[in-house]
2 protein chains.
Amino acid sequence: MESTGPQSPAGLRTTPSWLLNQTASHAARLISEGFAAHELRGYHYRLLAALAESGPASQADLGRRCGIDRSDVVAAINDLAGRGLVVRAPDRADRRRNVISLTEAGADEGRRMAETVERVQQDLLAPLTAAERDQLTRLLTRLLEHHSRT
Amino acid sequence: MESTGPQSPAGLRTTPSWLLNQTASHAARLISEGFAAHELRGYHYRLLAALAESGPASQADLGRRCGIDRSDVVAAINDLAGRGLVVRAPDRADRRRNVISLTEAGADEGRRMAETVERVQQDLLAPLTAAERDQLTRLLTRLLEHHSRT
DNA sequence: GTGTTACGTTGGCCTCACCAACGTTGGCAA
DNA sequence: TTGCCAACGTTGGTGAGGCCAACGTAACAC
């Protein structure tokens, strides 16, 4: 890793947006290393998780639920379908839509990826106590909430 | 914007690495919108800041100090030099190196960008009290420190 | 001197995120 | 019913940040 290895201009080292960026990119690295074992990426996981959680949906719906652009959903679903983790079927009630559903294999893979994600959280938060982890989670959640109802 | 607009699989909404990612990407959006007015990007700012802070340096050094790959430093310095914000001169003491120095205009632009960054922090942290901002900063710093001396 | 290391540079690749455009299909209103 | 607009899936392109491999040149250690 590295990357952040050295230091970065000292002025930035205490800038919240910078800290956020650095920790997030560290987290992203850990996640993506974890996902590499599954030969899948973030988009795939988000889609599998959404399907596991709320059941079959159209691509547009999935995109909205996961915050992924329609066009990117197409590619990710192509990958997942190509590996048999997901099935794409025309919606007979509305022929504009495809209904995407999890297969058994897809549900399994989703669970395995969730475990990977769990492990990464432990790694990432290792230096913090449970109370501190909570605190961090709460602070971030508040930031997010504030900025999403803008 | 957007993007996170809707919700994302509920399971992820409480996952720290996800929260980190979302807040960081929100912050990055604000920053990059701010930088757009300067017609520069993150890499440029980091380089200007490093130069302002520690004086002239070789490209390799800058790269190490900013956590930017050598090859990406080349391009960013090209941009900065093309706009007269920075000067690239051969190092007569070591002919492998180029010495990069800030110009007056570069130092000015750096200061203006720093102000932009300041404003963005206020925006970003608006919902938090001063104590909470501190707390967040401390938590993130600890995470970063822990993971960087791995 | 000879081999190793550092430097700048070119060119490529990946992920995530967006946007524009197109043809198709549904729904709604005139 | 027709005509229009909105939504859907798809293609293709863009941009930012971050990496890696390779090359020629220059410095350095042995």
Side-chain angles (χ1 to χ4, degrees), chain A residues 1-6 8 17-18 20-22 24-36 39-47 57-64 66-79 81 88-100, chain B residues 1-6 8 17-18 20-22 24-36 39-47 57-64 66-79 81 88-100:
Chain A
M1 122 101 29
E2 118 68 31
S3 29
T4 246
S8 45
S17 68
W18 173 260
L20 233 19
N21 227 320
Q22 292 304 106
S25 90
H26 189 79
R29 180 184 313 279
L30 292 176
I31 286 282
S32 102
E33 284 168 4
F35 285 175
E39 292 185 299
L40 290 171
R41 292 158 301 133
Y43 278 4
H44 302 124
Y45 176 60
R46 288 197 233 169
L47 292 169
S58 72
Q59 298 182 192
D61 250 48
L62 284 172
R64 279 185 292 262
C66 301
I68 301 179
D69 190 272
R70 300 192 336 261
S71 59
D72 298 320
V73 171
V74 174
I77 293 293
N78 283 345
D79 296 343
R88 187 194 254 125
D91 183 342
R92 287 210 292 310
D94 181 345
R95 287 182 307 172
R96 293 171 303 178
R97 289 183 163 94
N98 291 333
V99 177
I100 310 298
Chain B
M1 149 328 242
E2 107 334 40
S3 14
T4 247
S8 45
S17 67
W18 173 259
L20 232 20
N21 225 323
Q22 292 303 106
S25 90
H26 189 78
R29 180 183 310 280
L30 293 176
I31 287 282
S32 101
E33 284 168 4
F35 284 174
E39 291 183 299
L40 290 172
R41 291 160 301 134
Y43 278 5
H44 302 123
Y45 176 60
R46 290 197 231 168
L47 292 168
S58 72
Q59 297 181 192
D61 250 48
L62 284 172
R64 279 185 293 262
C66 301
I68 301 179
D69 190 89
R70 289 172 14 239
S71 60
D72 298 320
V73 171
V74 174
I77 293 293
N78 282 345
D79 296 343
R88 186 193 255 126
D91 183 341
R92 286 212 291 314
D94 182 344
R95 287 182 306 173
R96 294 171 301 178
R97 289 182 164 93
N98 291 333
V99 177
I100 310 298

[atom2] on [Y] to [atom1] on [X], rounded to 0.5 Å:
X      : Y     : atom1 : atom2 : value
A:H44  : A:D79 : NE2   : CG    : 3.5 Å
B:R97  : B:D61 : CZ    : CG    : 6.5 Å
A:I100 : A:D91 : CD1   : CG    : 10.5 Å

Atom [atom1] of [X] and atom [atom2] of [N]: how far apart are they, to the nearest Å?
X      : N      : atom1 : atom2 : result
B:E33  : C:dA17 : CD    : C1'   : 13 Å
A:D94  : D:dA7  : CG    : P     : 12 Å
A:I100 : D:dC8  : CD1   : C1'   : 12 Å
B:L40  : D:dA16 : CG    : P     : 11 Å
A:I68  : C:dC19 : CD1   : P     : 15 Å
B:H26  : C:dA17 : NE2   : C1'   : 15 Å

Note to self: Using OP1 and OP2 only, check whether a side-chain N or O of B:R64 sits under 4.0 Å from C:dC7.
What the structure shows: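 Yes, such a contact exists.
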Check: Hey, does the side chain of B:R95 come within less than 4.0 Å of D:dA27's phosphate (OP1/OP2), counting only N and O?
Finding: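 Checking D:dA27 against B:R95, a side-chain N or O does come within under 4.0 Å of OP1 or OP2.
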Check: How does protein contact run along nucleotides 8-16 of chain C, one letter per nucleotide 5' to 3', with B for base contact, S for sugar-phosphate only, - for none, heavy atoms under 4.0 Å?
Finding: BBBB---SS
Next item on the list: Sequence neighbours left out, what passes salt bridge (Lys or Arg N to Asp or Glu O under 4.0 Å) with A:R70? Give chain and number order.
Entry: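 Expected list: none.
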Margin query: If I compare all heavy atoms of B:A76 with all of B:Y43, which pair ends up nearest, and what's the gap?
Written below: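 Looking at all heavy atoms of both residues, the closest pair is CB-CB, 4.3 Å.
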Item checked: 4.5 Å side-chain heavy-atom contact, A:R46 and A:L62 ->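 They are not in contact (no side-chain heavy atoms under 4.5 Å apart), so the answer is no.
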